[in-house]
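A, B, ... follow the sequence lines: proteins, then strands. Residue 1 opens every chain.
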Amino acid sequence: MTEYGQDEILELIWSLRESSRPTRETILRNTQEESPESLLDELAAGGFVDLSSDEIRLTKTGEERARGIIRRHRLAEVLLANLFDLEDSQIENSACKFEHVLSEAVTESVCTFLGHPPVCPHGKAIPRSECCDKIRTEILPLVTRLTDAGLGDNVRIVFITPKSRKRLEKLSALGIVPGSRIRLLQRNPSYVLQIGETTVAVDRDITDEIFVKRT
Amino acid sequence: MTGETRKNDADCPEKVILVGNPNVGKSVVFGRLTGRYVNVSNYPGTTVEITRGEVRDRGRLIEIIDTPGVYSLHPMSEDERVTRDILMAEPGSTVLQVCDAKNLRRSLMITAQLSEMCLPMVVVVNMVDEARERGVMPRIETLGAEIGVPVLGTVAVRGKGTDRLLALLPGARKSCVYIDYGEVIEGAVSEMEALIPEESPIGRRAIALMLLSGDDSLSSWLAAAISEGRIREMNDVRNRLVAHVGENVAYLVNQKRLQWTERLLVRLGIEEAGKSPHGLAQTIGRWSMDPVYGVPFLLVVLFVAYGFVGLFGAGTLVDLLQNRLFGDALIPAAKRVSEAIIPWEILRDFLTGDYGVISMALSYAVAIVLPIVGTFFFFFGILEDSGYLPRLAVMVDRIFKRIGCNGKAVLPLVLGLGCDTMATLTARILETRKERLIVTLLLALGIPCSAQLGVILGMLGGVGLLATVIWFGIVVGVIVLVGYLAAKVLPGESSDFIMEIPPIRLPQLGNLMVKTMARIEWYLREAVPLFVVGTVLLFVADRTGALGFIERVSEPLIVRVLDLPPKTAGVFLIGFLRRDYGAAGLYRMAQAGMLTHVQVLVSLVTMTLFIPCLANFLVIIKEHGMKVAIAMALFIFPFAIFVGAVVNFAIRHFGIAL
């Protein structure tokens, strides 16, 4: 599992760089890997890091690899936090696994799906990639909570994550189901939606659970 | 029934049940069919009970049953359950489904469920005019052929098409709609169907689907109709299905029905759209719940309400009736007549004395209550029929959250300003017991009914603006505080705020008048007997010396704690019967110069917080049981006196000059 370990060290160097200076000492202090010393040597041998000075630097190839790891990790965090309302501890755990397995194509889809988010839930920058640049004209996310939809925009419901079965059934009886077109008319003093010729007022915690895509 | 069993040409159904989504006009159709008025309003979910009426068709009597609106026949709230249960309890009935032409999608969801129930039915597509105006009118000519039952387009409020309703009923038949829910669910359905007795009141397929969807409201029917072993087998069938497709069976079933509906609507197509005027009504509708314009809009509504009910009703009309009609004409005349023909003084006093039935009870009921209540109900009718109330619910939703309810509670609370008893019944539209309890408590405690409000404002007007502001502040403060605490203390949950907003409509004067008259009648029938009883009680108490006794016994409380004259005890006593009648007693005392300004305020605050009237108390018992009612009374009366005492003490202590 040395590749896994290498990924972790590269990730650590990147994050340390955001707050302070990554040195051999700080890396050893912050890592959970079993033999960080040898992992660092492996990375140096592979040409990913430069150990020549006190501050450990990423080489060009190392920079690129670390960037991908961080990007996958933080995108996974956004996905899990925004869409599935998971708890922090669970997010961290799963995101750590995602970063090693997501392929480039899947990562780009996730990034696009989330609307190329600039920061992770903890506020740290998500490295951009080509996919983010390509669509610079349309920065609006593909899927948002209905709460955040533009007023008066025609959107289509992608999925609903209701707290209770009863709520799901009630919404579906009103025609608020995945696939239906909907418009957010106002946010205050309550959220008002338009589905076909029906106008419905709901609480914010309900619009939070409805995810929509612009049409 | 006449005893004739003409099976062959028994084409006319004996019972017709009206079913449909909320606010599609079932009650209007009911009114058109039976000529009987039931509460018709532009507020989803106003019919909370079933109403029965009759119509005679070629000599045969048909019973018509109006039901609360439903979003689904898989019940999610109390009123939806009422509707489903009536369909099961009245086998052999014909169903008349009322649809909203502009929301046919949702109506067809109900059609699908009714078809599965295997009941003979006809479909009325109502509000054709609104759908045409918006250019969304589906072509319904082929709808009848698609679903295999007679279909009729109507505009029920204007009586368009409704004259053909009766002729439609004999054609009722079971719908041919069959929705395939996919292999897995269908497998479970047929297993379940085999366990349901053949002579079940509605189609077995419908019952099977309800049970598979996890509908636990059927349990009482199950217990009566099916053995325990079978019920266990049924649970096994459901559990196997859930293991296969997950908990959300109802949702999956609903999805299939929706797909069927969508395909059907595509086949029907939309009528060629005329012009689609985004008219004044829609603008008003938007403004009235706009975060910015909504507040001034509400203020305008309140101002108009004050002008119409407060100034015109409680001022002009009361003055006309009380002073002119009763004061100058009727009471002196009654006195002259009774002196001329009644030889016994006691009977004369009973009719026209201080506590006389004519001089006190009737003059009060007709001269004070009638104009205020009448103008209020008329105005409330406008609010209701125009569709403003649901928008008000949107405005106040977040505030009501604080007191454990949501915006939906606005209807019973505002109606309570007309009549608390009526409003307590309407609290049924709220979904959870917790919300119903909170609203019932707040109605009983803090919301003065229009008659009482009229009298109170009249008295406070005589004392001054400061007293009015203090009174208002205390009552609102008590409502918010008690609501907030009740929300914390009472167990249970508050429901989701999911509320359909109907379009703004111009109220129909005819419906408005009928509705106002029905409510006034209801009010008077409930109130006047209590006035008379209260007056008789007071008369007897006065004659037998019991009044003096009560005054002496309650003296420590009335005189020492509240600093009120002993005579107030009698008024409070009547206040137990009817809060407004008690308030009127205070009014007389104030007019007679027996109360100081501080005393007026203290007695009014105390009286306002009393339970409104005996009828209200009886309705609380009916709706929530004796235990809850007594608990509320035990809280409310001491609390009312406590607040009165605090106000008395505070005003005297701080030397506030009123």
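No more than 12 heavy atoms of other residues, nucleotides or ligands sit less than 6.0 Å from atom CZ of A/Arg181. Heavy atoms of other residues, nucleotides or ligands lying less than 6.0 angstrom from NE2 of B/His244 number 12 at most. Taking a 6.0 Å sphere around CZ of A/Phe159, one finds it holds more than 12 heavy atoms contributed by other residues, nucleotides or ligands. Shown here is B/Arg105, whose CZ atom has no more than 12 heavy atoms of other residues, nucleotides or ligands within 6.0 Å. Counting heavy atoms of neighbouring residues, nucleotides and ligands inside a 6.0 Å radius, atom CD of A/Glu18 exceeds 12 of them. No more than 12 heavy atoms of other residues, nucleotides or ligands lie within 6.0 Å of CD in A/Glu64, so this atom counts as exposed by the packing criterion. Within 6.0 Å of the CZ atom in B/Arg402, the count of heavy atoms belonging to other residues, nucleotides or ligands does not exceed 12. Counting non-hydrogen atoms of neighbouring residues, nucleotides and ligands closer than 6.0 angstrom, the CH2 atom of B/Trp287 reaches no more than 12 such neighbours.
Looking at every heavy atom in both residues, A/Ala173 comes nearest to B/Arg106 through O-CD, 3.3 Å. Nearest heavy-atom pair, A/Ser190 versus B/Val394, reported as atom, atom and distance to 0.1 Å: OG-O, 3.2 Å. Taking all atoms of both residues into account, the shortest heavy-atom contact from B/Gln255 to A/Pro178 is NE2-CD, 4.4 Å. Contact detail for B/Asp290 and A/Pro189: the closest heavy-atom pair is C-CD, 4.5 Å.
Atom OG of residue A/Ser172 and atom CZ of residue B/Arg257 lie 9.5 Å apart, to the nearest 0.5 angstrom. With rounding to the nearest 0.5 Å, the separation of CG in A/Asp205 from CZ in B/Phe497 is 11.5 Å. Atoms CZ and OG1, on B/Arg391 and A/Thr199 in that order, are 7.0 Å from each other to the nearest 0.5 Å.
In this structure, the side chain of A/Glu197 does not engage the main chain of B/Glu130 through any donor-acceptor pair within 3.5 Å.
B/Arg398 has its side chain within reach of A/Asn188: a pair of non-hydrogen atoms, C-beta onward, lies under 4.5 Å apart. For the pair B/Lys401/A/Asp203, a side-chain contact is recorded, criterion being any heavy-atom separation below 4.5 Å from C-beta on. B/Asp496 places a side-chain heavy atom less than 4.5 Å from the side chain of A/Ile206.
Contact tally against chain A (heavy-atom pairs below 4.5 Å) for B/Asn254, B/Val292, B/Ile110: the top residue is B/Asn254. In terms of non-hydrogen atom pairs under 4.5 Å with chain B, the most contact-rich of A/Leu185, A/Leu174, A/Val177 is A/Leu174.
Residue A/Ile176: no heavy atom, backbone or side chain, is found under 4.5 Å from chain B. With a threshold of 4.5 angstrom between heavy atoms, B/Ser213 approaches chain A through N, CA, C or O but not through any side-chain atom. At a 4.5 Å heavy-atom cutoff, the contact between B/Ile498 and chain A is made by backbone and side-chain atoms alike.
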